[in-house]
Amino acid sequence: MINKVVKTASEAVADVFDGAIVMISGFGEAGSPIELIHALIDQGAKDLTIVSNNTGNGHVGLAALIENRQVRKMICSFPRTAHSIVFPELYKNGEIELELVPQGTLAERIRAGGSGIPAFYTPTSVNTPLAEGKETREIDGKPYVLEYGLKADFSLVKCKTADRHGNLLFNKTARNFGPIMCMGAKATIVQAKEVVDLGMIDPEIVVTPGIFVSKVVEIADPLSENQLIKEERRYPWR
Amino acid sequence: MINKVVKTASEAVADVFDGAIVMISGFGEAGSPIELIHALIDQGAKDLTIVSNNTGNGHVGLAALIENRQVRKMICSFPRTAHSIVFPELYKNGEIELELVPQGTLAERIRAGGSGIPAFYTPTSVNTPLAEGKETREIDGKPYVLEYGLKADFSLVKCKTADRHGNLLFNKTARNFGPIMCMGAKATIVQAKEVVDLGMIDPEIVVTPGIFVSKVVEIADPLSENQLIKEERRYPWR
Amino acid sequence: MEVVIKKGWSREEMAQNIARDIPDGSYVNLGIGMPELVANYIPENREVVFHTENGLLGIGPSPAEGEEDDEMINAGKKPVTANKGAAFFHHADSFAMIRGGHIDICVLGAFQISEYGDLANWSTGEPKAIPAVGGAMDLVQGVKHVIIITKHTTKDGKPKIVRECSYPLTGKGVVDRIYTDLAIIDVTKNGLFVKEMAPGVDFETLQSKTEASLNQY
Amino acid sequence: MEVVIKKGWSREEMAQNIARDIPDGSYVNLGIGMPELVANYIPENREVVFHTENGLLGIGPSPAEGEEDDEMINAGKKPVTANKGAAFFHHADSFAMIRGGHIDICVLGAFQISEYGDLANWSTGEPKAIPAVGGAMDLVQGVKHVIIITKHTTKDGKPKIVRECSYPLTGKGVVDRIYTDLAIIDVTKNGLFVKEMAPGVDFETLQSKTEASLNQY
């Protein structure tokens with residue numbers, strides 16, 4: 001029988017190893033799998049490369065993972081947001097690497113990695129510093145940059161609803177990078193607000209089919225990053 | 001106000017011009033926009049390049065369009081199916097061109113064309129006759145073939161439900177090439193079994209957002225290709 | 001009685017100028033900051049669908065206080081609502097819309113615009129600054145009409161419309177039209193053409209605040 | 001009393017042999033024709049999810065007569081049903097599953113298989129034949145384990161397991177295991193190894209019906 005549901009976030013992230021490439025869903029404060037990230041902080045895997053659109057907020061979630069010195073390198077499009085404090089500090093001190101990728105190229109590289117497409121051409125970043133050192137090519141008279149698919153060892157993703165096969169539904173703009181990150185990793189670990197019985201999700205509306213998911217843990221009342229930031233909380237809690 | 005709904009199939013296909021590249025949804029007998037194709041036969045545009053997985057069945061729909069000598073070239077993955085009679089005959093006589101594309105490459109080329117990706121590398125067809133004359137390249141020690149995005153002037157697509165913005169829902173395996181063909185054309189023409197009021201489709205379950213759709217016509221009771229083939233019908237009806 | 005001549009358009013008027021020029025039925029992406037104001041001024045008889053790159057077509061008005069939803073935000077991370085006919089989708093589909101040429105208009109801010117339509121709006125290139133690019137480079141390459149909203153000069157009076165951008169580029173030859181507090185300027189193959197000037201602004205004054213050469217239609 | 005020695009496995013037994021070797025929880029794509037039989041023999045205590053490239057994961061049993069739905073078919077265009085936990089998706093997502101290495105096993109037919117695991121199963125290369133490839137070339141490149149089900153020889157007794165394929169290739173070095181009516185054969189870096197022979201078949205007979213060299217474990 002297929003049952004991808006595990007009981008705890010710690011169990012879900014137990015296999016993450018030192019040096020792993022880990023994709024983390026979310027855009028700003030929406031869609032970040034904060035309980036999975038905190039479990040990863042407890043677990044302690046280090047030297048990680050994180051693929052995520054931003055660099056976390058305040059001192060919780062992804063920001064706390066970075067602050068806990070578990071991250072060697074960030075691959076992201078917008079490392080500098082209103083509530084990003086931790087990353088800028090480490091970056092200025094040369095204590096963390098950054099690979100800056102335009103947002104659409106980041107999304108497409110993740111989808112390509114998950115789709116067996118090793119590389120593709122895109123007009124994005126042509127004639128800019130972000131294309132420096134990259135192969136360019138004219139196709140039908142227009143210049144394009146060659147970009148490579150991104151593959152991760154693990155993805156940590158937050159969603160609304162899951163079943164034991166790993167079929168997923170998302171909530172509003174918290175969907176963002178979730179579905180493509182599910183495709184892009186060897187092992188995809190999902191936290192869902194609710195786990196429902198098989199057959200409860202209409203096959204016509206499944207956003208992420210279970211084939212892209214390895215483990216599911218139910219986190220019925222996930223923490224709100226916004227709230228934690230307002231309260232100036234830090235993880236590990238102190 | 002945005003209202004993409006037109007009254008008749010003839011109105012929907014009126015702009016198709018001689019020499020146009022036209023994508024047509026469907027896989028076998030499922031998802032082919034038969035009323036739109038028949039309207040295109042009535043309209044008479046010729047010298048068309050058709051992108052479709054198969055070559056039509058019996059003497060109706062896509063097969064009838066080919067039989068009516070409106071098609072110069074087929075781009076497809078499986079031109080030889082149980083009920084395909086018309087295409088094989090013309091092909092053997094050298095009266096129609098064929099570009100044979102592996103099914104996954106066909107799908108990816110259509111998606112790429114609609115996504116602003118001019119070209120990509122794929123492992124599919126490496127070391128086979130279908131890769132002959134194509135650029136190949138080693139990436140991380142594995143060989144890949146360069147394939148180009150496909151763009152059409154028009155797409156003809158069948159779906160289940162639409163609203164006046166062109167948001168679409170599909171039915172079961174009749175979804176197949178529909179959503180990506182909606183992305184891949186300058187003008188996408190859709191026949192829907194029902195057109196519903198704006199707001200009746202939950203934003204979470206939209207399969208094709210309206211931005212990819214130009215015109216919608218309601219065809220409440222579309223013909224069944226299977227039925228027409230059993231009855232040995234021919235279009236134009238005779 | 002003294003006649004008070006108002007010099008230049010306010011931020012709201014600049015946004016209004018853009019909104020006036022957006023045709024009915026357009027699909028529009030608004031950048032973070034000043035561009036967001038444009039949504040407030042779409043004439044009532046027009047239906048415009050707003051896209052946000054984090055996965056929503058059909059952005060509605062800001063939610064009432066207390067009605068905000070952490071998981072319902074725009075690219076600027078501000079709370080939004082969804083109109084009837086909206087759709088949610090993931091990031092790869094969202095940028096397929098952008099890169100694939102499906103969005104009619106985007107409105108972006110700028111550090112500098114060159115007379116060839118080059119745009120610099122993501123990095124000042126300072127060595128200590130943390131670079132952040134977001135979706136800007138995708139938008140300028142993929143969207144059909146790239147529109148800039150910007151003050152005509154920097155805070156210390158330096159021209160933002162220049163012969164050549166000194167800041168790192170977002171895209172080369174990508175801008176179609178510039179809306180500033182002083183003028184509306186078209187970027188054409190033959191150079192910059194002034195389409196309209198704010199009340200109280202004359203061509204000479206405008207040129208004096210512009211490094212690039214301006215032309216009159 | 002004469003002992004009747006049954007020579008070789010039936011089509012059903014070949015399908016059974018494959019079904020027996022598919023682990024619980026696998027995602028499996030079955031080709032058109034003989035491969036489709038495999039679905040009938042999955043042991044009851046195993047849950048296997050069947051994928052069809054035309055956009056469905058979780059194929060269920062064939063519908064009862066009269067219950068067929070034109071818009072609910074498999075890649076072979078035959079009517080199917082959907083199990084609990086099924087999902088529909090479009091063709092690009094479907095082939096992302098295939099090409100991206102997300103499907104564990106595919107079972108395909110063959111014209112020829114070489115001792116290096118080259119597969120020819122889409123074209124006889126005859127000049128008058130209409131070529132048709134479908135999803136075969138994607139499956140052999142993307143799926144983790146490529147399994148072939150085929151009669152050991154052609155109708156007129158010619159070997160199908162050959163030193164080099166004479167028909168146009170579907171893929172080079174892609175086959176992992178071959179299930180025939182006479183044997184189960186692994187394709188390894190060191191050549192073809194016979195894993196199991198049908199009752200009544202001996203190695204010598206098997207080799208005599210095989211052009212490529214066989215090895216014993």
Side-chain angles (χ1 to χ4, degrees), chain B residues 1-5 23 107-120 149-153 155 159 161-170 178-188 195-216, chain C residues 22-29 42-60 69 71-72 74 80-106 135 137-144 146 171 174:
Chain B
M1 195 181 90
I2 298 173
N3 187 9
K4 298 178 180 174
V5 181
M23 292 176 176
E108 192 66 13
R109 288 180 64 191
I110 294 168
R111 184 205 170 262
S115 305
I117 301 295
F120 58 89
L150 261 177
K151 272 178 163 169
D153 298 300
S155 279
C159 79
T161 307
D163 63 24
R164 67 173 170 83
H165 277 200
N167 292 305
L168 309 183
L169 301 179
F170 292 83
I180 53 174
M181 287 183 169
C182 286
M183 299 167 71
K186 284 179 205 145
T188 291
V195 173
V196 299
D197 285 346
L198 201 69
M200 295 295 286
I201 303 177
D202 178 354
E204 295 281 13
I205 72 166
V206 170
V207 173
T208 291
I211 192 169
F212 295 126
V213 172
S214 315
K215 286 182 185 172
V216 172
Chain C
I22 295 178
D24 190 25
S26 299
Y27 289 91
V28 177
N29 180 295
I42 300 296
E44 287 227 344
N45 56 344
R46 288 187 212 160
E47 195 175 13
V48 169
V49 180
F50 290 105
H51 170 267
T52 182
E53 54 263 45
N54 56 320
L56 170 61
L57 263 175
I59 307 177
D69 177 343
E71 302 203 325
M72 187 63 182
N74 66 12
V80 294
T81 60
N83 282 334
K84 275 187 185 180
F88 295 106
F89 35 83
H90 62 56
H91 250 85
D93 281 350
S94 186
F95 279 87
M97 293 173 193
I98 292 172
R99 208 190 305 98
H102 303 282
I103 300 194
D104 298 304
I105 295 167
C106 69
M137 288 186 182
D138 303 282
L139 286 161
V140 299
Q141 290 296 340
V143 174
K144 285 180 207 153
V146 175
V174 294

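Chain A is the first sequence line, chain B the second, and so forth, proteins listed ahead of strands; every chain is numbered from 1.
Taking CG of B/Asp202 as the start and CZ of C/Phe88 as the end, the distance is 8.5 Å to the nearest 0.5 Å. Put simply, CG on C/Asp93 and OG1 on B/Thr208 are 9.0 Å apart, with the number rounded to the nearest 0.5 Å. To the nearest 0.5 angstrom, B/Ile211 atom CD1 is 7.5 Å from C/His102 atom NE2.
Only the backbone of C/Asn45 comes within less than 4.5 Å of a heavy atom of chain B; no side-chain atom from C-beta onward does. If you measure heavy-atom distances from C/Ile103 to chain B, the contacts under 4.5 Å come from both the backbone and the side chain. Both the backbone and the side chain of C/Ala86 come within contact range of chain B, each with at least one heavy atom under 4.5 Å from a heavy atom of that chain. B/Lys151 does not touch chain C: none of its heavy atoms, backbone or side chain, sits under 4.5 Å away.
Minimum interatomic distance between C/Ala96 and B/Met183 (heavy atoms only, all atoms of both residues): CB-CE, 3.6 Å. When all heavy atoms of B/Ile2 and C/Gly25 are compared, the closest pair comes out as CG1-CA, 3.5 Å. Shortest non-hydrogen contact noted between C/Gly85 and B/Asp163 is CA-OD2, 4.3 Å. Closest non-hydrogen pair, C/Tyr27 versus B/Lys4, comes out as OH-NZ, 2.7 Å.
Test B/Ile201, B/Leu198, B/Asp197 against C/Lys84 for side-chain contact (heavy atoms from CB on, under 4.5 Å) and you get one pass: B/Leu198.
Most heavy-atom pairs under 4.5 Å with chain C: of the set B/Gly149, B/Pro203, B/Gly116, this distinction falls to B/Pro203.
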